Amino acid sequence: MSRIERVSVEVLETPVKLRYVAAGHAVESNWHVLARIDTADGVQGIGFAVANRGGLVKPLAAACQELGQLLVGMEALDIEAARAKLERAGGWVGPGGMVSMAISPLDIALWDAKGKSLGQPLYRLLGGYRDRIRAYASDAMWYSMPMDQLARSAQYHVSQGYKMLKLRLGHESKPEGEVARVRVVQEAAGAGVQVMVDATESWNEVQAIANGRALQEAGIVWLEDPVSHQNLQGLAQLARNLDIPIAAGEHLYGLDPFQKTLDARAVDIAIIDLARAGGITPWMKVAALAQGRGVPVAGHVVPEVHVHLLSAIPNGYLVEFMPRSELIFKTRLKLEDGHLVAPQGPGLGVELDEAAVERYRVG
Ligand SMILES: [Mg+2]
């Protein structure tokens with residue numbers, strides 16, 4: 001019997017590890033909303049959402065805690081029923097906002113519990129297309145970094161075994177300036193390493209086409225978020241006029257916005273954010289929508305969960321390695337030949353470091 005007996009939510013603030021701290025970059029902590037779901041048969045599912053801005057984390061945790069109590073007494077394996085209850089309680093009129101993000105840790109915890117109840121790793125439970133997925137590293141390659149730091153960061157990630165790297169751009173006044181930053185990373189990384197660019201929605205359409213053409217010449221793998229995600233026509237125009245793939249989607253909440261984005265042919269690669277999507281259940285549905293359009297899928301941060309989701313599906317393309325949660329887990333993801341390997345343990349297959357959770361708990 002997998003009846004849910006208890007749902008608890010904690011807030012953790014973890015320091016950014018020294019090797020990732022870049023002068024001039026403001027991120028000094030990561031915050032986690034950690035949900036635990038305990039069932040009558042002694043299983044504990046865990047789920048979490050990660051933020052690098054502290055302000056909204058406590059209200060998010062409060063919403064998660066309050067919604068979570070509605071699950072007590074329900075069957076943990078009936079995830080769609082559990083979600084429907086949470087969505088109704090959140091005044092569900094469509095995807096969006098904090099309700100989606102607050103449901104996300106609970107949804108992940110339900111899937112972790114299901115995997116543990118059935119004794120299967122999540123990637124297999126969700127589809128089992130492969131047991132690993134190609135990875136790219138994207139931490140500490142910020143647009144605010146001076147060139148020498150950018151080069152050192154690229155070298156560091158290559159030394160760790162990454163064969164694909166992503167840097168953020170969008171703040172140089174001319175295309176040549178943006179290209180120069182890409183060249184620094186390409187040269188520091190060496191031959192055989194591929195580079196992609198995230199423009200963090202920094203450009204208007206005119207800038208995006210000029211920068212996109214220059215970056216295309218520089219040989220990047222994808223151009224992410226060149227303009228606002230709300231500018232579907234602009235994105236679609238870029239997708240038509242550039243030869244490199246346009247990647248976008250991390251700011252979208254769930255099925256409906258993705259459907260519109262895919263219908264507009266605005267993305268060549270769909271990036272799905274687990275928290276904004278509302279957890280694993282809607283994430284998988286968005287991925288299926290993309291599959292129907294022949295669009296490959298990548299995950300936005302949270303590699304501990306995305307390694308499973310992207311390994312589960314046929315159109316899983318790349319997992320983003322961003323180690324924001326390393327300090328709260330005992331388990332480390334394994335990188336083999338440029339691929340992150342899905343943990344083989346049941347559920348997420350990662351074990352919390354309870355002493356660390358104790359140390360970093362702030363709510
Ligand atoms: Mg991005």
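Sequential numbering from 1 along the given sequence is applied to the chain's residues. Note that ligands are numbered from 1 as they come in the structure, with each ligand's atoms numbered from 1 the same way. All values reported here derive from a predicted model rather than from experimental measurement.
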Y123 versus Q344, side-chain donor and acceptor atoms under 3.5 Å: yes
Pair K174 + E172: basic N to acidic O under 4.0 Å: no
Among the N, O or S atoms of E224, the one nearest the Mg ion (ligand 1): OE2
Of all the N, O or S atoms in E250, the one nearest to the Mg ion (ligand 1) is OE1
Do the side chains of E80 and K285 get close enough for a salt bridge, i.e. N-O under 4.0 angstrom? yes
Any salt bridge linking E178 with R181? Criterion: basic side-chain nitrogen under 4.0 Å from a carboxylate oxygen. no
Of all N, O or S atoms in D198, which has the smallest distance to the Mg ion (ligand 1)? OD2
